[in-house]
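Written out below as structure tokens is the structure these notes cover.
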Amino acid sequence: MIKELIQRTLHNMGVEVDYVEVEIPKVQSQGDVATPVALGLAGVLRKPPRVIAQDVVSAIKEMTDSGLSAFDAIEVAGPGFINFRFKSDYLYEQLKRLYREREVCLRVDVGQGKRVLVEFVSANPTGPLHVGHGRGAALGSSLSNLLQSAGYTVEKEFYINDAGRQVRLLGQSVFAAYKNLLKNPTPFPEDGYRGEYVERIAEDIHATHGETCVDMDFEGCAQFFIDHSYKKMLQDIEASLETFGVHFDNWQSERILFDSGMVKHGIDNLREKGYIYEMDGATWFKSSALGDEKDRVIVKQDGQYTYFASDVAYHIMKIERGYDELINIWGADHHGYIPRVRAVLRAEGLQESRLTVLLVQMVTLLRDGKPVQMSKRAGEFITLKDVVEEIGADTTKFIFMTRRSDSHLEFDLEAAKKQSSDNPVFYVQYAYARINSVFRKAKETGVVLSRLHDDSLDLSCLNTEEELQIIKKLILYPLIFQGAVRSREPHRITFYLQELSAMFHPFYNKHRILTPDDNLTGARLLMCECISIVLKEGLRILGLTAPEWM
RNA sequence: GCCUCCUUAGCUCAGUAGGAUAGAGCACAGGAUUCCUAAUCCUGGGGCCAGAGGUUCGAAUCCUCUAGGGGGCACCA
């Protein structure tokens, strides 16, 4: 609201800005919200910032429709900040509005129906998910929730690498395990997958299909082993994600891209645009002309497509499906691929901003401070499922969501387990449960809850420092929300929820909510209801449960 | 060698689009419940924002260099 106000004011003064920074000052003496716009404009207008600030303040005061009634004070401070102080009546009004029109208040429409495709996890179906995938899953699903809440139309997609060497290697590994099981050993493939799950799949095949393949070589039954194995893994992956509370709208198969001719179509498409050439018997994509450091092979000398070929096709297909924005969440180890994928989009004439790649940094799994060695090939690792079973889905997600995605994460299992009794997630959930408990108590003791909807309910009794601070925090949620949406950082919501909870608990300890005074009780219940509305909304975005009892 | 991410309190991490006096949790020490859930609250100490330059009215934040750590640099996927 303040942003628009300032923007309009500046407009009237003949200055156009596309972004007005509004911040919440650290100390109360600096107002409830503040803006440093005047400082930024000092250079442009060639006037001292304090003078500009004063001009802005005067202009606001002259505007008839400025919503001046919302403020007790608008003042120039420090080097040229403009500090706003809310009138308490305005706070009460907004609190009532939040209570009545929660969705409108909380879900600011930033996206306006824009279609976004969020692709995440996309793990090779050659082994179980590990914690790193879990991090991507937590980010992807909460980001999707966040954007959806902000008015975007979001689709969540998992790209299945079911073509190519890796799934073949898995099939071959299972085949070897199967033969081994039947006492007809065959050499285990070099670089094969050695996990225990490989043996389980082999046992499963033995159980369902008997010994039919025991005398065959791999080529004789390759397709069967490959398909059976990766499908099994895919089921396992889907189940792990389900346990973790993450699900997808689409599962896009790489193989279908080949079978449906999309790969060929994609290459032809680039060829028409002049970005394909032949050299040394291979087919190249001229990505160096589009920002990549060198050209990339798409079809090898031996006629085989490279991995990148299907990636080209996949992204062209995404474009053709008509999304306004593509978001790819990748492990940081894929960062080298960004320029070549961007090159594809550029070749298609798409703006840079249409693709956002979010990199999720590595998770170092520790136990008692010591790194847990993990190798998919060697088959020694702790899976996402193991972690969720050991310390719980909410706690695990919260650990992910209290970090920026591009910072390295040390995940100590022992610490997490120890923490799981006093993990900050419970602090937030407990606040929610407590409020529910108060409402249960209120009903038991016959408090008339219909009062809360009553216009005559007077909130001016919410005048303690704690209450005013909480109300301000609540009505500034949209500011945090919009920042999180813009920067694609759901973790900002996590921190906000912790802060809000850290205001509620002291309030709860200091003041009684259910009092002999009916109006005061009503007012406090209304405020608590608003807190729980915001907590619930935030927890939902983060994919965490909001328990009514704890 | 080249590219990229990271380095903030004892530990794990925030720090919003360059803004005012750098924050939280954990850990540590002490205290609080006749009353709505003690998974709570209150009080306390803790910092060369890796280092050095630069840009600016103003830098943890932007640029350059240095040091340390992660990851990536295939006609592998």
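What you are looking at is a predicted structure, and each value in this text was computed from that prediction instead of being measured. Below, chain A is the first sequence line, B the second, and so on; all start at residue 1.
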Considering every strand and a 4.0 Å limit on heavy-atom distances, what is the contact class for [X]: base, sugar-phosphate, or nothing?
| X | value |
| --- | --- |
| A:D406 | sugar-phosphate |
| A:L409 | sugar-phosphate |
| A:F495 | sugar-phosphate |
| A:K443 | nothing |
| A:A502 | nothing |
| A:A34 | base |
| A:N83 | base |
| A:R492 | sugar-phosphate |
| A:E548 | base |
| A:G40 | base |
| A:A416 | nothing |

Given atom [atom1] of [X] and atom [atom2] of [N], what is their separation to the nearest angstrom?
| X | N | atom1 | atom2 | answer |
| --- | --- | --- | --- | --- |
| A:I338 | B:C73 | CD1 | P | 13 Å |
| A:I480 | B:U16 | CD1 | P | 11 Å |
| A:E21 | B:U61 | CD | P | 16 Å |
| A:L359 | B:C5 | CG | C1' | 8 Å |
| A:H334 | B:C3 | NE2 | C1' | 16 Å |
| A:E23 | B:G18 | CD | P | 11 Å |
| A:E414 | B:C11 | CD | C1' | 16 Å |
| A:I24 | B:G23 | CD1 | C1' | 14 Å |

Can you see if the side chain of [X] gets near the phosphate of [N] - specifically, an N or O under 4.0 Å from OP1 or OP2?
| X | N | value |
| --- | --- | --- |
| A:R404 | B:C5 | no |
| A:H491 | B:G15 | yes |
| A:T494 | B:A24 | no |
| A:K26 | B:A22 | no |
| A:K300 | B:C76 | yes |
| A:Y508 | B:C42 | no |

Please measure how far the [atom1] atom in [N] lies from the corresponding atom in [M], and state the result in whole Å.
| N | M | atom1 | value |
| --- | --- | --- | --- |
| B:A60 | B:G18 | P | 13 Å |
| B:G19 | B:C11 | P | 27 Å |
| B:A9 | B:A32 | C1' | 27 Å |
| B:C41 | B:A24 | P | 13 Å |
| B:G46 | B:A29 | C1' | 13 Å |
| B:U61 | B:C49 | C1' | 10 Å |
| B:G30 | B:C13 | C1' | 27 Å |
| B:G69 | B:C62 | P | 23 Å |

Counting side-chain heavy atoms from CB outward, which of [options] is closest to [X]?
| X | options | answer |
| --- | --- | --- |
| A:P506 | B:C42, B:A39, B:U40 | B:C42 |
| A:R512 | B:U37, B:U21, B:C35 | B:C35 |
| A:D333 | B:G71, B:A74, B:C42 | B:G71 |
| A:V27 | B:C76, B:C5, B:U21 | B:U21 |
| A:E410 | B:U12, B:A20, B:C36 | B:U12 |
| A:D280 | B:C41, B:C75, B:G19 | B:C75 |
| A:S29 | B:U21, B:C36, B:G71 | B:U21 |
| A:Q30 | B:U21, B:C5, B:G19 | B:U21 |
| A:H335 | B:C13, B:U4, B:C76 | B:U4 |
| A:S437 | B:C5, B:U37, B:G71 | B:U37 |

Could you say whether the aromatic ring of A:F81 and the base of B:A20 stack, counting only centre distances under 5.5 Å and plane angles under 30°?
yes

Of A:P49 and A:A442, the one whose closest nucleotide on RNA chain B sits nearer the 5' end is A:A442

Considering heavy-atom distances to RNA chain B, does A:Q301 or A:K510 have its closest nucleotide positioned more toward the 5' end?
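Whichever sits nearer the 5' end wins; that is A:K510.
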
Counter-base of [N], judged by Watson-Crick or G-U geometry with both distances under 3.5 Å:
| N | result |
| --- | --- |
| B:G53 | B:C63 |
| B:U40 | B:A32 |
| B:G58 | none |
| B:C2 | B:G72 |

Measure the acute angle between the ring planes of A:Y277 and A:W284, then classify it against the limits of 30° and 60° as parallel, tilted or perpendicular.
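Plane angle under 30°, so parallel.
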
A:D295 CG to A:F285 CZ distance, which is reported to the nearest 0.5 Å
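Result: 8.5 Å between the selected atoms.
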
Output the distance between atom CG (A:L146) and atom CZ (A:R488), rounded to the nearest 0.5 Å.
8.5 Å

Between [Y] and [X], is there a salt bridge with N-O shorter than 4.0 Å?
| X | Y | result |
| --- | --- | --- |
| A:E465 | A:K510 | no |
| A:D32 | A:R85 | no |
| A:E467 | A:R524 | yes |

Quick one: are the ring centres of A:F400 and A:H491 less than 6.0 Å apart?
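Distance test on ring centres: not under 6.0 Å, no.
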
With ring centroids as reference points, do A:Y477 and A:Y496 lie under 6.0 angstrom apart?
yes

Under 3.5 Å, is there a donor on one side chain and an acceptor on the other for A:Y307 and A:E254?
no

Test side chain to side chain donor-acceptor pair (under 3.5 Å) applied to A:Q498 and A:S501, step by step:
CA-CA 5 Å; A:Q498 290 189 84; A:S501 305; over 6 Å; no

